[in-house]
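Everything below concerns the one structure shown next.
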Amino acid sequence: MQWLSGDTANPVDVNSRRSIIAIVYIAVIAPCVFILQPGYVQGLVEYLAFSEEQAGYIASAEMFGIAFTTLLLVFMEARVDWRKLTVLCLIVAAAGNLLSLSLADFESLAAVRFLTGMGSGGLMSLTFAMMGLTDKSDRNFGYIVTWVLIYGALGILVMPTAFATIGMDGVLVFFALFNVSGLFFARYLPRSGVHHLDLSVSEKPGYSWRLKGLSLFAILVYNTSIGIVWAYLFLLGLEAGIAEQTVANVLTVSQFLGIAGAFVAVVLQLRIGRIIPLQVSIIGTAIGIYILVGKIALFHFALGVCLFNFLWNVSMPYLLATMASFDRRGKVVIYGICMQTLGYAIGPFIAANILGRSSYDHVYIVATLLFIASAVVLLPGLLAQKKHL
């Protein structure tokens with residue numbers, strides 16, 4: 001087990017190539033179900049005969065599991081070995097996916113997906129906290145988003161074929177094996193944030209908890225909007241009369257555009273600051289979602305989804321790097337991931353409740369308004385950071 005405990009006197013260099021590759025790989029594993037959530041929710045409805053509301057609640061249960069673990073890590077991150085906890089989370093996520101096999105009971109499946117989410121949530125928090133310690137966090141968060149989207153684009157493209165050939169159980173086995181593959185990379189991960197502080201560099205400027213709190217609330221509101229939108233995009237396309245594979249193709253194209261969006265953040269880094277990229281991308285995302293309101297054809301669906309995914313992924317690396325800039329120990333990043341995953345959990349829950357009483361139009365109007373609100377609430381923190389960048 002030496003590979004797991006490592007040498008505490010000579011900690012892993014978090015800026016080394018193999019450490020960054022390991023963090024990125026496990027960061028892709030972490031949301032491996034969430035990033036395919038439109039296809040997974042569609043599979044729950046089309047192949048397991050759950051209602052649209054039930055499918056939304058199952059997706060929400062998994063995200064609440066993710067949020068639960070990220071909340072625990074807010075209090076535990078300084079007391080635990082990050083590497084060992086990563087291994088435990090990989091095992092829990094794999095076990096949850098295997099336990100989901102052949103489950104057709106709503107309550108049982110929701111409970112097991114909550115367990116799966118607990119493992120995934122730990123991986124998300126830890127990998128983002130680790131990447132927040134690197135010297136070029138804007139660029140490196142862009143790498144994470146880029147590779148997550150490459151996985152998502154390929155996954156959504158083959159989802160209809162996968163369901164038709166290996167079924168939901170085969171897809172879940174793939175998720176479990178993907179989780180297990182991360183064990184190989186654990187040896188290259190840092191064990192905590194303390195070992196990687198450069199004491200020769202002055203501490204980052206102090207920010208009030210009012211500013212941090214506003215920024216964290218903005219993250220919550222923004223990602224609640226994402227959760228509302230993302231879970232039901234596949235079903236929205238089907239509701240509009242678009243063929244299943246065509247919907248998958250549109251979502252795949254949008255994922256590749258998302259890769260381009262993340263690459264924008266990698267290239268720009270801080271050349272024009274964070275205010276312009278974040279405000280433009282968040283408001284633009286709201287516009288993309290509003291295009292999906294009303295009677296839509298394939299053109300409207302493709303335009304709205306592609307604009308949404310491109311700009312969502314321009315904003316993500318900047319949002320994560322903004323949280324990392326509030327402190328040098330990765331603590332505010334973990335708070336931010338907690339708000340992110342809580343938003344991902346609340347979003348499908350809100351959407352499912354709206355669908356139980358109304359239509360997709362109301363779902364996407366609520367999401368549009370929340371995007372705009374998040375841009376406004378985020379601004380004070382961005383202005384304060386601008387003085388120090």
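Along the sequence shown, residues carry numbers from 1.
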Heavy atoms from other residues, nucleotides or ligands near [atom1] of [X] exceed 12 (cutoff 6.0 Å):
X	atom1	result
F217	CZ	no
Y290	OH	no
Y57	OH	yes

Rounded to the nearest 0.5 Å, how far apart are [atom1] of [X] and [atom2] of [Y]?
X	Y	atom1	atom2	answer
L292	L233	CG	CG	7.0 Å
T224	F371	OG1	CZ	10.0 Å
L71	I337	CG	CD1	13.5 Å
I21	F185	CD1	CZ	8.0 Å
W82	C89	CH2	SG	13.0 Å
I296	D361	CD1	CG	8.5 Å

Partner of N309 by side-chain contact (heavy atoms from CB on, under 4.5 Å), out of L149, V253, V229: L149

Looking only at atom types and distance, does a side-chain atom of [X] sit under 3.5 Å from a main-chain N or O of [Y], one as donor and one as acceptor?
X	Y	result
Q37	W230	no
W147	A27	no
Q279	A375	yes
T134	M131	yes
T69	G65	yes
R191	R83	no
N223	G343	no
N97	L172	no
S108	A104	no
D169	S102	yes

A side-chain contact here means heavy atoms from C-beta on lying under 4.5 Å apart; do [X] and [Y] qualify?
X	Y	result
I259	I150	yes
V33	R113	yes
Y143	I23	no
L90	V180	no
Y222	S315	yes
L378	V221	no
Q385	I275	no
Y232	L355	yes

Consider only side-chain heavy atoms of I, L, V, M, F, W and Y, link residues closer than 4.5 Å, and tell whether [X] and [Y] are in one cluster.
X	Y	value
V247	V158	no
L235	L157	no
V376	M339	no
L72	V87	yes

Closest heavy-atom contact between [X] and [Y]?
X	Y	result
I372	A286	CG1-CB, 4.0 Å
S60	A345	OG-O, 2.8 Å
T116	A93	CG2-O, 3.7 Å
S215	G381	OG-CA, 3.7 Å
I156	I35	CD1-O, 3.9 Å
T322	L278	OG1-CD1, 3.9 Å

As a quick check of understanding, evaluate side-chain contact (heavy atoms from CB on, under 4.5 Å) for L88 and K84, giving each step before the final call. CA-CA 6 Å; L88 177 61; K84 291 181 179 179; over 6 Å; no

For I346 and L220: C-alpha separation, side-chain torsions, deciding distance, then whether side-chain contact (heavy atoms from CB on, under 4.5 Å) applies. CA-CA 9 Å; I346 294 171; L220 174 63; 4.3 Å; yes

What I want to check is whether the side chains of S281 and Y318 have a donor and an acceptor closer together than 3.5 Å. no

Could you tell me whether the side chains of Y188 and S16 share a donor-acceptor contact shorter than 3.5 Å?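 Their side chains do not contain a donor-acceptor pair, so the 3.5 Å distance test is not met.
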
F163 and its ring pair (Phe, Tyr, Trp, His ring centres under 6.0 Å) partner, picked from Y47, F174, Y40: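 Answer to the ring pair (Phe, Tyr, Trp, His ring centres under 6.0 Å) test with F163 among Y47, F174, Y40: Y47.
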
Using the rule given for side-chain contact (heavy atoms from CB on, under 4.5 Å), can you reason through F106 versus L48, listing the C-alpha separation, both sets of side-chain angles and the distance that settles it, and then say yes or no? CA-CA 10 Å; F106 169 68; L48 295 185; over 6 Å; no

Determine, stepwise, if the pair R187 / R18 fulfils side-chain contact (heavy atoms from CB on, under 4.5 Å). CA-CA 10 Å; R187 72 189 75 184; R18 66 182 185 181; over 6 Å; no

Could you label the plane-to-plane angle of the F68 and F114 rings as parallel, tilted or perpendicular, counting under 30° as parallel and over 60° as perpendicular? tilted

Between Y151 and F178, is the gap from one ring center to the other below 6.0 Å?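 Distance test on ring centres: under 6.0 Å, yes.
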
